[in-house]
Amino acid sequence: MATKQEAVEAKQGLSYDVTNGVAVITVDQPGAPVNTLSPEVGTAFTTLLQQAERDPEVKAVVFISGKKDNFVAGANIDFLQTLKTPAEVEAISRGAHEQFDRLESFSKPVVAAIHGACLGGGLEWVLACHYRIVTDSPKSVVGLPETQLGLIPGAGGTQRLPALIGAQAALDLILTGKNVKPSKAKKLGIVDEVVPVPMLKDLALKRAAELAAGTLKVERAHQGFKAVAQSGKKKGLAGLFQGLLSKDLWAEAALEDNPVGRKVLFDQAKKALLKKTRGKYPAQEKALQVIRVGLESGRKAGLEAEAKAFGELVFTDVSKRLVEIFFATTALKKENGTANASVKPREVKKVGVLGGGLMGGGIAYVAGVLQGVPVRVKDRDDAGAGRALKQVQTVLDERVKRRSLTHREANAKLSNITAATDYSGFKSVDLVIEAVFEDLKLKHQVIAEVEAVTGPDTIFASNTSSLPIGELAKGSKRPSQVIGMHYFSPVHKMPLLEIITHPGTAEWVTATCVDVGKKQGKTVIVVNDGPGFYTSRILAPYMNEAAYLLAEGADIVQLDKALVDFGFPVGPITLLDEVGIDVAQKVGPIMEAAFGKRMAAPKALEGVVSDGRLGRKTNKGFYLYENGKKKEVDPQVYLLLPHGKDRKSLDASEMAERVALQMVNEAIRCLGEGILRSPRDGDVGAIFGLGFPPFLGGPFRYADALGPANLLRKLEHYQDKYGERFTPAPLLVEKVRANKGFHEA
């Protein structure tokens, strides 16, 4: 009969076995897809360590996961949400410190054998082990992503990681929250060996025995300086904080150990950090502060500072919003995009892409390289087909340069993608994604051509950003297999995929496209059909309002800065240059035809377009560009605007509020009209597709935080001042009458 302690260990998913004098502690939490860290798990692990310490036959310990592709995914976020006060959280943090200190000072060698995700608390756990081995599997990553949740590592990570790999490399990982692959982890010094998956356990047992016998000596030195400079770009929330610290700040890595030099470095690092975060993300500032305390006053003081900061951050509004986003995206990963959870996606073995432009090439990359299926691109001429392949090659070259791929691996992935000027190779495709010019007649022609050469079950997906999918389906013999798959540019970096269904779209088609999007690494939302769908529709009044401000005499730089200070990654005028002023002008009439005068764009920009200023792609828009890089505002552009060179000094907070509230109000309209299926999807879509400030949680969380009644008053004020384009959404009025928020049941 099992003892009480054995029952606790079994409940936490821990087991203990001895092989040739090495105790193997396996964590495999029952009923959970991944292992997570909690106080109970830590206590059970410590008890098993004590058992190994008492056993004279045990010379060393191996710590391994029983999950197929996961080591420990981090702390249990659900558990953190049950805590009521900062003091409770601090106590949990201190408890983890004590447990991991005991592990670090354990009298027998402990080897961590890592396969799969080793993140957050999982990495903090293994940092306290004496030797770390990781598999070379693509599933294996290590990192401390807590800042993406508005937190900092709370189990000693802010102290152990800098001590192991140096402050520079540790700050780069902790402040951005990014993950690193096995080879990079080895280069940085986070792990000691990278091995093939089948060898992991046997080699861990061997290394444990060698450490116990003294035949293996571990010598570590900070390896972080060169490696951190090679860090690659990261999409999603981690990308928000990419490049916080310039490598020039750390040109003399030895200054980490020099009090005067260290002060200079940390002061400069904080300045660079605030320039990036604009004070909106307190976790990054706390992380910097806590790491500095440890370096200057010792680990004990650093751990105490970490526990205190961790306790404070859990209860900040920023952390609450970021955790809500985490839960929202986690839930989306489990859904098939339909109301019927039993609908299964069909296998997509080959993808066809129509159009070799910027979008077509990007779609070919995510399908052929990330999804990993053969892709056939069709363009009307050899130049277009070549551009698509060149674009894929460029992205692969970047990955080779960052050393996330070898030349051989890149060439193998490129061979998955072929291009032609006809429909040869399309007969066997399961999914065709169209990215041709935004013209309904042209798209109907393309649908007919595709259906003539493909099988009866082939799905036709359009990457249109504004044309209703139901109208496209009218040109199809198989309308139930027509759907929208709206990607964002650049496709290989932008995390969102907006899938649009019309009333006749078959459920299996939706489920299949959602599955494809997930395999391409996208966060997927499904919305219902309508002009502009969700993201393009809420972007239109946002951009319009910025144009109205220009027409009123706003300074371009001040207007952009106002929205960046609000929390958007770039200002609306910079975004207009990026998208293409001509593209925005074409979408405008579609939106006005659908929604009337409130969506009408001001005529102020007509002179800019007629002057040939299309944005970055022509090296001239509102800003000037050189080799694709933005320079200063072109002063001549003001001559094309109503006020000429006479600029007005408009209030920055009012400019930001006017522009942002247009997006929020339109999002509420989309929910009220059934375009959106939930406020959750609206928040995720705005953040991951349009850069709505993550710390605000999305348009609906922002509306709830403001209070629907307060939001209504603001909109009515602007409606009185500027007219019907600020008319409050009917659903907002309903929520105020019912005294309810948007995320309330």
Side-chain angles (χ1 to χ4, degrees), residues 138 141 176 178-181 184 230-243 329 348 351-377 379 384-407 409-419 431 433-435 461 463 465 485-499 513-525 535 569-570 575 578-580 616-617 628-629 684-685 687-691:
V141 292
T176 61
K178 65 189 175 188
N179 305 333
V180 294
K181 295 179 181 178
K184 179 69 175 292
Q230 296 160 355
S231 174
K233 293 290 182 184
K234 184 79 174 174
K235 64 185 179 180
L237 291 178
L240 187 68
F241 307 114
Q242 198 74 34
T329 54
V348 172
V351 171
V353 176
L354 299 178
L358 186 66
M359 296 303 294
I363 294 167
Y365 172 82
V366 296
V369 176
L370 304 184
Q371 184 185 350
V373 297
V375 175
R376 184 70 157 182
V377 180
D379 200 271
R387 277 194 298 272
L389 295 176
K390 176 64 176 175
Q391 191 176 337
V392 175
Q393 179 74 66
T394 299
V395 179
L396 289 171
D397 287 345
E398 288 174 4
R399 292 185 60 184
V400 170
K401 186 177 180 180
R402 298 199 311 262
R403 300 184 184 178
S404 69
L405 285 178
T406 65
H407 281 289
E409 289 168 336
N411 289 335
K413 292 181 183 298
L414 182 62
S415 69
N416 221 19
I417 303 167
T418 58
L431 168 66
I433 305 174
E434 163 271 308
N463 181 53
S465 60
M485 291 181 75
H486 180 204
Y487 292 85
F488 296 77
S489 182
V491 179
H492 69 287
K493 290 182 180 179
M494 292 296 287
L496 188 73
L497 172 61
E498 181 182 30
I499 289 179
C513 292
V514 168
D515 185 59
V516 165
K518 291 175 185 176
K519 288 176 178 175
Q520 292 174 354
K522 300 300 183 186
T523 297
V524 184
I525 63 168
T535 53
V570 297
L575 180 60
E578 292 286 342
V579 171
R616 181 190 291 272
K617 60 190 173 185
K629 292 186 178 181
V684 169
I687 289 170
F688 289 95
L690 303 177

* To do: Output yes when a side-chain donor or acceptor of Asp379 lies under 3.5 Å from a complementary backbone atom of Gly355, and no otherwise.
  =>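 No, because the side chain of Asp379 does not come within donor-acceptor range (under 3.5 Å) of the backbone of Gly355.
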* Do the side chains of Leu354 and Ile433 get nearer than 4.5 Å, heavy atoms only? ->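 They are not in contact (no side-chain heavy atoms under 4.5 Å apart), so the answer is no.
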* To do: Evaluate the side-chain proximity of Arg402 to Asp397: yes if any heavy-atom separation is below 4.5 Å, no if none is.
  =>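 Contact flag for Asp397/Arg402 side chains = no.
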* **Minimum heavy-atom distance Val377-Gly356, with the two atoms named** =>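 The pair with the smallest heavy-atom distance is CG1-CA, 4.3 Å.
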Test salt bridge (charged side-chain N to carboxylate O under 4.0 Å, His left out) applied to [X] - qualifying residues, sequence neighbours left out:
X	answer
Lys390	none
Lys518	none
Glu434	Lys443

For [X], give me all partners under side-chain hydrogen bond (donor to acceptor under 3.5 Å, both in side chains), at least two apart in sequence or on another chain.
X	answer
Glu398	none
Asn416	none
Asn411	none
Thr406	Glu409

* Asked: Considering residues at least two apart in sequence or located in another chain, which fulfil the side chain to side chain contact (heavy atoms under 4.5 Å, CB included) criterion with Leu575?
  ->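 Residues passing side chain to side chain contact (heavy atoms under 4.5 Å, CB included) with Leu575: Leu539, Met543, Val570, Val579.
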* To do: State which residues pass side chain to side chain contact (heavy atoms under 4.5 Å, CB included) with Thr535; sequence neighbours excluded, sorted by chain then number.
  =>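 Applying side chain to side chain contact (heavy atoms under 4.5 Å, CB included) to Thr535 gives His486, Phe488, Leu496, Glu498, Leu690.
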* Asked: Is the shortest side-chain N to carboxylate O distance from Asp515 to Lys519 below 4.0 Å?
  ->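 A salt bridge is present here (some side-chain N lies under 4.0 Å from a carboxylate O).
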With a cut-off of 3.5 Å and sequence neighbours excluded, list every side-chain donor-acceptor pair involving residues 359-373.
unit_1 : atom_1 : unit_2 : atom_2 : d
Tyr365 : OH     : Arg399 : NH1    : 3.1
Gln371 : OE1    : Gln520 : NE2    : 3.0

